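Quick notes on the structure that follows.
Everything quoted here is computed from the prediction, not taken from an experiment. Just so it is clear, the values below take in all heavy atoms, side chains as well, and ignore hydrogens, waters and symmetry mates.
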Number of protein chains: 2
Amino acid sequence: MTHYERVEKVRLLVVDDDPPIADLVATVARYEGWDAITANSGEEALRRAADFRPDIVVLDLMLPDVDGFGVLDRLRRSGTMVPVVFLTARDGVADRVAGLTRGGDDYLVKPFAVEELMARLRTVLRRSAGPAFQRSVLRVGDLMMDEDTREVRRGDKLLTLTPTEYEVLRYLMRKSPTVLTKAQILDHVWEYGFGGRSNVVELVVSRLRRKLDATGEPLIHTVRGFGYVVRQAAE
Amino acid sequence: MTHYERVEKVRLLVVDDDPPIADLVATVARYEGWDAITANSGEEALRRAADFRPDIVVLDLMLPDVDGFGVLDRLRRSGTMVPVVFLTARDGVADRVAGLTRGGDDYLVKPFAVEELMARLRTVLRRSAGPAFQRSVLRVGDLMMDEDTREVRRGDKLLTLTPTEYEVLRYLMRKSPTVLTKAQILDHVWEYGFGGRSNVVELVVSRLRRKLDATGEPLIHTVRGFGYVVRQAAE
DNA sequence: CGGGACCTGTCGAAATCCTGTCGTACAACT
DNA sequence: AGTTGTACGACAGGATTTCGACAGGTCCCG
């Protein structure tokens with residue numbers, strides 16, 4: 001029987017011993033309007049968590065001092081129930097983490113795509129914050145994306161998107177009507193460290209267009225020399 | 001974050017001397033929209049129960065100080081009729097009998113699967129809620145699952161499911177039309193501590209399909225690269 | 001106890017689908 | 001027209017999914 005208050009910004013604590021990674025996440029979160037701070041060790045994480053009282057934590061499992069599990073344990077012991085999203089290396093540890101997601105927390109394998117991390121953070125927040133679990137639906141014109149059912153519709157027409165197409169479209173819709181450069185799309189939707197000097201983005205956009213601009217007026221617009229937007233009337 | 005109304009939520013007290021386990025249960029319950037607190041010893045449990053006035057209690061039988069039965073006795077003596085679900089170790093066969101004869105409402109053997117625990121808690125709550133005991137039936141299209149009789153039907157056809165199949169299907173139906181990842185299914189339906197990096201989920205889904213998608217249109221859908229959903233084909 | 005039926009998870013192989021690279025045709029701007 | 005940026009067909013390597021076959025376990029019944 002809790003009462004939740006209105007809070008201005010989501011507070012995020014990012015814990016990763018690799019500063020570039022921690023910063024990357026924090027930066028993206030700030031850009032989303034969140035309050036984000038970083039910690040590069042377990043001790044620091046616990047210290048900063050105490051003052052900062054984050055709403056959510058991103059926690060790398062491989063830390064120099066206390067490891068991720070230890071941090072979680074001590075966080076919990078200190079009475080906080082903050083939801084946590086774990087980061088793990090591609091191999092081994094993933095198994096051990098698995099058990100943790102049961103609670104509703106989540107985890108991602110490195111290297112991850114920034115947008116995917118943000119999407120999971122939003123999901124975890126949404127679920128842990130509210131008693132009534134409300135759907136998350138994005139709309140642009142008659143284009144609709146339901147993030148729970150992963151259903152995408154243009155009008156009544158149900159579209160079947162591949163994972164990559166889905167992610168690119170979600171990013172475009174979420175930022176609509178902002179124009180995004182191909183580099184931004186690449187940086188957010190593909191795993192960090194993706195070597196692609198190629199034209200993947202153009203490719204995926206092309207495939208997307210075929211699927212959703214087949215019916216009705218185009219919603220994905222090219223801004224020559226810059227990037228793409230999803231929006232209704234292109235002036 | 002967001003503003004939520006004050007809502008009557010189920011209040012759950014989880015008593016287990018192993019913090020990760022207590023935490024696991026509490027977290028899952030919260031994600032179901034419940035209010036959950038934990039206690040790691042008998043004394044603490046009694047203390048917290050007094051303020052918190054839980055609607056239901058999950059009680060490990062092996063506690064450091066007072067044991068589970070002691071806690072139950074003292075709870076009862078203090079006048080509360082709150083329903084209790086016991087947790088016991090796998091070997092304690094004697095515990096089971098004793099547990100039920102000594103006033104517990106149900107029990108579960110460790111390690112358990114979180115979905116099963118939640119299902120039992122819901123059942124106990126439903127029963128204790130009042131004499132007006134209504135059945136719990138899940139429906140998706142012409143697929144029906146009666147959680148009391150464990151009857152599953154597709155149309156008129158009665159299906160015979162194995163325990164694992166039943167649990168997987170229940171989880172899918174309960175969350176329908178949300179798409180669930182294989183990891184989520186594994187984490188919720190299998191016992192915590194199950195190391196399976198295998199393809200059991202795919203296997204069980206395959207077996208389920210043979211049984212319930214034999215008749216009529218498919219209800220279990222694959223979302224490639226993501227997971228599975230149960231829902232009626234959206235045109 | 002012993003036999004048998006059933007349940008579960010592992011393995012592997014085949015089928016299917018997804019993705020990024022290349023290359024060329026096309027479009028837009030000067 | 002020249003130059004630069006964009007669209008997208010085609011292809012091959014990979015990744016994912018499906019499911020048959022099998023073996024260890026469990027439980028029940030005689």
Practice task
Could you tell me the separation between the OH atom of B/Tyr166 and the P atom of C/dC7, rounded to a whole number of Å?
Solution key: 16 Å
Practice task
Look at A/Asp18 together with A/Lys110 and state whether they make a salt bridge at an N to O cut-off of under 4.0 Å.
Solution key: no
Practice task
Return the value, rounded to whole Å, for the distance between atom CG of B/Leu186 and atom C1' of C/dG9.
Solution key: 11 Å
Problem - Nucleotide C/dC18, atom C1' - distance to CZ of A/Phe194 in whole Å - result: 13 Å
Practice task
Would you mind telling me which residue lines up with the more 5' stretch of DNA chain C, B/Thr162 or A/Trp190, judged by nearest nucleotide?
Solution key: B/Thr162
Practice task
Let me have a per-nucleotide readout for nucleotides 13-28 of chain D, 5' to 3', with B, S or -, counting only protein heavy atoms under 4.0 Å.
Solution key: ---BSBBB--------
Problem - Flag, side chain of B/Glu165 to backbone of B/Thr162, donor-acceptor distance under 3.5 Å - result: yes
Practice task
Check for a donor-acceptor pair, side chain of B/Asp105 on one end and backbone N or O of B/Val85 on the other, with a separation under 3.5 Å.
Solution key: no
Handout entry: Under 3.5 Å donor-acceptor, A/Arg154 side chain and A/Leu212 backbone
Key = yes
Problem - Set of side-chain contact (heavy atoms from CB on, under 4.5 Å) partners for A/Val223, sequence neighbours left out - result: A/Val179, A/Phe226, A/Val229
Problem - Listed once per pair and sorted, the ring pair (Phe, Tyr, Trp, His ring centres under 6.0 Å) pairs that draw on residues 144-163 of chain A, sequence neighbours left out - result: none
Practice task
Under the salt bridge (Lys or Arg N to Asp or Glu O under 4.0 Å) rule, collect the residues that match up with B/Arg170, sequence neighbours excluded.
Solution key: B/Glu147, B/Glu167
Exercise for the section: Give the angle between the helix axes at the two ends of the helix from C/dC1-D/dG30 to C/dT30-D/dA1, taking five base pairs at each end and rounding to 10°. Expected result: 30°
Handout entry: Rounded interatomic separation in angstrom, taking CD from B/Glu167 and C1' from C/dG9
Key = 17 Å
Fill in the blank from the handout: Residues pairing under ring pair (Phe, Tyr, Trp, His ring centres under 6.0 Å) where one sits in residues 170-189 of chain A, two or more places apart or in two chains, turn out to be A/Tyr171-A/His188
Handout entry: For atom NE2 of A/His221 and atom P of C/dA28, their distance in whole Å
Key = 15 Å
Problem - Any donor-acceptor N/O pair, B/Gln184 side chain to B/Thr181 backbone, under 3.5 Å - result: yes
Practice task
Verify the contact: side-chain N or O of A/Thr164 to OP1 or OP2 of C/dC18, cut-off strictly under 4.0 Å; return yes or no.
Solution key: no
Practice task
Figure out the CD/C1' separation between A/Glu191 and C/dG20, and round it to whole Å.
Solution key: 13 Å
